[in-house]
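Predicted, not measured: the structure shown is a model, and the values here were computed from it. Order of listing sets the numbers, starting from 1, for every ligand and every atom in it.
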Amino acid sequence: MDIKSFVAKRKSELSVLAKSAPLTPTLMIIQANDDPASNSYVRGKIKDGEEIGFKVLLNKLPTTVLQDELLKEVEKANLNPDIHGLIVQLPLPKQIDEKVVKLAIAPAKDVDGFHPLSPFTPCTPKGIVSYLEGEGFLFKGKNAVVLGRSDIVGKPMAKLLLSKDCNVTVLHSKTSMEDKRAYIKMADLIVVAIGRLGYLDHSFEYKPSAAIVDVGINRGEDGKLHGDAVAGLPVALQTPVPGGVGLLTRLALMDNLMEAANNELRD
Ligand code: NAD
């Protein structure tokens with residue numbers, strides 16, 4: 001199933017769950033930037049929530065907001081029982097320490113999964129694994145290569161694939177090209193998240209049965225969005241950009257919000 005159909009199906013399932021839930025799962029987004037890409041991500045999250053029947057509240061702060069003021073808004077949302085999920089949209093202005101803010105969010109509401117004690121799986125890895133599961137990808141004993149080791153994608157992706165019993169190798173900016181070529185040639189699953197347009201190209205050798213999951217979002221000289229892999233590589237499955245992992249990430253956020261609201265009911 002293509003990613004758009006997969007996401008539409010899962011959203012309608014969430015919509016049924018939302019209708020029968022005794023409370024409306026509610027997400028608060030705190031945004032302290034005026035970044036065009038962030039504005040577009042925030043609009044996407046609001047639209048997803050509305051389509052499903054969740055409530056998404058936006059608390060937009062001036063970019064001049066001080067760290068203490070932002071932390072107060074986080075604390076208010078932490079204590080508000082009507083808010084089940086809380087995210088602080090990145091990037092944050094220079095005067096604010098991202099690490100301090102991430103740690104200030106109550107773990108039970110941290111639907112982005114960034115807090116070390118958050119019970120939620122970070123959205124990009126979660127969305128990718130649920131899609132591959134839907135495609136019937138069998139993880140156990142498979143060679144998985146993750147390109148990139150960031151805290152929000154590469155590392156949690158590797159951890160999740162390890163928990164699915166894959167043999168996981170993480171390649172990064174200090175890995176030699178010779179090693180990259182050797183690991184990629186052996187890989188059954190390649191997740192690329194490095195932010196380099198068209199990095200995975202026809203010069204690498206791939207298993208014809210491999211799956212390539214392209215996380216990268218890069219603006220090309222043509223003004224359009226492109227992934228970290230060139231389109232049409234000779235593999236069994238390759239996710240497109242746009243219309244690929246971005247949609248899965250948004251879906252996983254909604255899944256995490258439903259879970260957060262359910263957890264609230266159980267407590
Ligand atoms: P980042 O800049 O924090 O990390 C990039 C990682 O890539 C680093 O760990 C670095 O070691 C590695 N790297 C850089 N050059 C490399 C090379 N030549 N070979 C191997 N590794 C290399 O990036 P990030 O936040 O993880 O995001 C990566 C990409 O994914 C970006 O394009 C970002 O926009 C995109 N992204 C997409 C989604 C989505 O939902 N689709 C979500 C998050 C990030």
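- Considering backbone and side-chain atoms together, I152 places no N or O closer than 3.5 Å to any N or O of ligand 1.
- Which parts of ligand 1 touch K180 is read off a 4.0 Å heavy-atom cut-off, strictly below it: atoms 17 (C), 18 (N), 19 (N), 20 (C).
- The closest approach between G154 and ligand 1 stays at or above 4.0 Å for every heavy atom of the residue.
- A cation-pi arrangement is not found for K180 relative to F204, the charged atom failing to lie both closer than 6.0 Å to the ring centre and inside a 45° cone about the ring normal.
- Around atom 5 (C) of ligand 1, the closest heavy atom drawn from V241, I194, D151 belongs to I194.
- Residues V100 and L92 are members of one and the same hydrophobic cluster, defined by side-chain heavy-atom contacts under 4.5 angstrom among Ile, Leu, Val, Met, Phe, Trp and Tyr.
- Connection of I83 to I46 is not established within any shared hydrophobic cluster, with ILVMFWY side chains joined at heavy-atom distances below 4.5 Å, either directly or through further cluster members.
- When hydrogens are left out, the protein atom nearest atom 40 (O) of ligand 1 is T249 OG1, 2.8 Å; that is the closest non-hydrogen contact.
- Looking at R219, H226, R196, H172 and measuring to atom 21 (N) of ligand 1, the nearest heavy atom belongs to H172.
- When hydrogens are left out, the protein atom nearest atom 3 (O) of ligand 1 is S150 CB, 3.4 Å; that is the closest non-hydrogen contact.
- Considering backbone and side-chain N/O of D228, none are found under 3.5 Å from N/O of ligand 1.
- Between L70 and E73, the closest side-chain pair of non-hydrogen atoms is not below 4.5 Å.
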